[in-house]
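Letters A, B, ... are given to chains in the order of the sequence lines, protein chains preceding strands, and every chain is numbered from 1. Predicted, not measured: the structure shown is a model, and the values here were computed from it.
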2 protein chains.
Amino acid sequence: MAGKPEQPEKAVFLRFLKSRGLKVTRQREAVVNEIFSDSGHFEAEELVHRLRGNRTRVSRATIYRTLELLRECQLVEKLDLGQSGSFYEYVNPGEHHDHLICLQCDSVIEFHNEKLERTQAEICRNFGFQETHHSLRIFGLCSKCSQNA
Amino acid sequence: MAGKPEQPEKAVFLRFLKSRGLKVTRQREAVVNEIFSDSGHFEAEELVHRLRGNRTRVSRATIYRTLELLRECQLVEKLDLGQSGSFYEYVNPGEHHDHLICLQCDSVIEFHNEKLERTQAEICRNFGFQETHHSLRIFGLCSKCSQNA
DNA sequence: CTAATTGCAAAAAGTTTGCAAGCGT
DNA sequence: ACGCTTGCAAACTTTTTGCAATTAG
């Protein structure tokens, strides 16, 4: 419970910082801890508020800067769920999933489908396109909301 | 060359306005004409500039308001290409396509693939999800850029 | 020590809005 | 005429940035 990083993603981040000659600051640790204590989707502004109650104050500017670093080392991804601001989400290294987004209750369902991935790879091959990543968002009504409608 | 609407999408828009009790103004016509004279991807700000040289001045506010109307009648769609601002694109009624986005030269390739669509429909069915629309963006290097790399 | 980092507040960037004047129908 | 529209400028939202003070290594 002391200094040891319990979470593997935190270790990844620390290693990344070291490899870049960047520093491990209280603020950066606070941000990572907060994000990975409750993996899911969140907005930058939400993090600002979640970190308000913390022992370590973290300014909005630092949160944005840290999110950018986390993106560079692929621990989080930016997400556009159709709302005004950007959402972020934790990415399990090596994993990938797409999203079903409910327009009624704003819930987000993650899924992964191999057939889909293969077809996409095939399409890229046909276009001579070298994919680095992709994002599929399907909007509509989740099962709960479509029943209530 | 006179009053007749040459473009079918303009006719759709006019009909939509009428059905809503909205007015056909010089500004709205100018926006539609400009968009459909060169179908493709564009930003709101770009439209502002493209319309500067026009006989009819159209303010930024009106452009945003008109784009919203065009979205409501499904003639244009908002697009997130990863850049800061929103892009828009003309939508051929009844058609749908996805995008390959080159991170190097910012070019956008459109494609449509039936197998992909079927797999997506299958996924939705499995989740009891009622799709209204979707967006697949594949990021990477286009064939030209991957050769030069 | 020294370079990286932080917080702040100002600036940017993109979009929306209130309101008085103007224009379709 | 009536009510929808426009333009303007101000407001807003989200994100970025310059800079002096601070801190990790």
S.K.: Could you state the NZ-P distance from K78(A) to dT14(D), rounded to the nearest angstrom?
M.R.: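 Answer to the nearest Å: 13 Å.
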
S.K.: Verify the contact: side-chain N or O of R26(B) to OP1 or OP2 of dG24(C), cut-off strictly under 4.0 Å; return yes or no.
M.R.: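 It does, given that an N or O in the side chain of R26(B) lies less than 4.0 Å from OP1 or OP2 of dG24(C).
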
S.K.: Quick check: on DNA chain D, is the nucleotide nearest Q27(B) upstream (toward 5') of the one nearest K23(B), or the reverse? Name the residue that is more 5'.
M.R.: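 This one resolves to K23(B).
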
S.K.: Is R65(A) touching bases, backbone alone, or none of the nucleic acid, heavy atoms closer than 4.0 Å?
M.R.: base

S.K.: Rounded to whole Å, how long is the line connecting atom CG of L67(B) with atom P of dT17(C)?
M.R.: 15 Å

S.K.: E29(B) has an atom CD; how far is it from atom P of dG24(C), in whole Å?
M.R.: 10 Å

S.K.: Indicate whether OP1 or OP2 belonging to dT23(D) is found under 4.0 Å from a side-chain N or O atom of T25(A).
M.R.: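 No, T25(A) has no side-chain N/O under 4.0 Å of OP1/OP2 on dT23(D).
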
S.K.: Quick one: which of dA24(D), dT13(D), dT5(D) gets closest to the side chain of R28(B)?
M.R.: dT5(D)

S.K.: Tell me the interatomic distance from E43(B), atom CD, to dT15(C), atom C1', rounded to whole angstroms.
M.R.: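 In whole Å, dT15(C) C1' and E43(B) CD are 13 Å from each other.
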
S.K.: What contact category does R60(B) fall into here, base, sugar-phosphate, or nothing, at under 4.0 angstrom with non-hydrogen atoms?
M.R.: base

S.K.: Does any non-hydrogen side-chain atom of Q120(A) lie less than 4.5 Å from one of L116(B)?
M.R.: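 The answer is yes, as the side chains (C-beta and beyond) meet within the 4.5 Å cut-off.
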
S.K.: Using a cut-off of less than 4.0 Å, is there contact between a side-chain N or O of S86(A) and OP1 or OP2 of dT15(D)?
M.R.: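 Checking dT15(D) against S86(A), a side-chain N or O does come within under 4.0 Å of OP1 or OP2.
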
S.K.: With a 4.5 Å limit on heavy-atom distance, are the side chains of K10(A) and E29(A) in contact?
M.R.: yes

S.K.: Nearest to the A44(B) side chain among dA9(C), dT15(C), dT13(D), which nucleotide is it?
M.R.: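 Ranking dA9(C), dT15(C), dT13(D) by closest atom to the A44(B) side chain puts dT15(C) first.
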
S.K.: Side-chain N or O of Y64(B) versus OP1/OP2 of dT16(C): is the shortest distance under 4.0 Å?
M.R.: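 It does not, given that no N or O in the side chain of Y64(B) lies less than 4.0 Å from OP1 or OP2 of dT16(C).
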
S.K.: Separation of E68(B) atom CD from dT16(C) atom P, in whole Å?
M.R.: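 Taking CD of E68(B) and P of dT16(C), I get 7 Å after rounding.
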
S.K.: Can you see if the side chain of S59(A) gets near the phosphate of dT6(C) - specifically, an N or O under 4.0 Å from OP1 or OP2?
M.R.: no

S.K.: Centroid separation under 6.0 Å, is that true for the rings of H96(B) and H134(B)?
M.R.: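 Yes, close enough.
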
S.K.: Using atom types as modelled and distance alone, determine if a side-chain donor or acceptor of R137(B) lies under 3.5 Å from a backbone N or O of L81(B).
M.R.: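 Absent.
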
S.K.: Rounded to whole angstroms, how far apart are CD on E46(B) and P on dG14(C)?
M.R.: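 To the nearest whole Å, that distance equals 12 Å.
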
S.K.: Step through it carefully: locate the ring centre of F87(A), locate the ring centre of H41(A), and say whether they are under 6.0 Å apart.
M.R.: no

S.K.: How close or far is atom C1' of dC2(D) from atom CG of L22(B), stated in whole angstroms?
M.R.: 15 Å

S.K.: Expressed as a whole number of angstroms, how long is the span from K18(A):NZ to dG25(D):C1'?
M.R.: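 These atoms are roughly 10 Å apart.
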
S.K.: Among the candidates dT15(C), dT25(C), dT6(D), find the nucleotide nearest to the side-chain atoms of V24(B).
M.R.: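 Comparing dT15(C), dT25(C), dT6(D) against the side chain of V24(B), the answer is dT25(C).
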
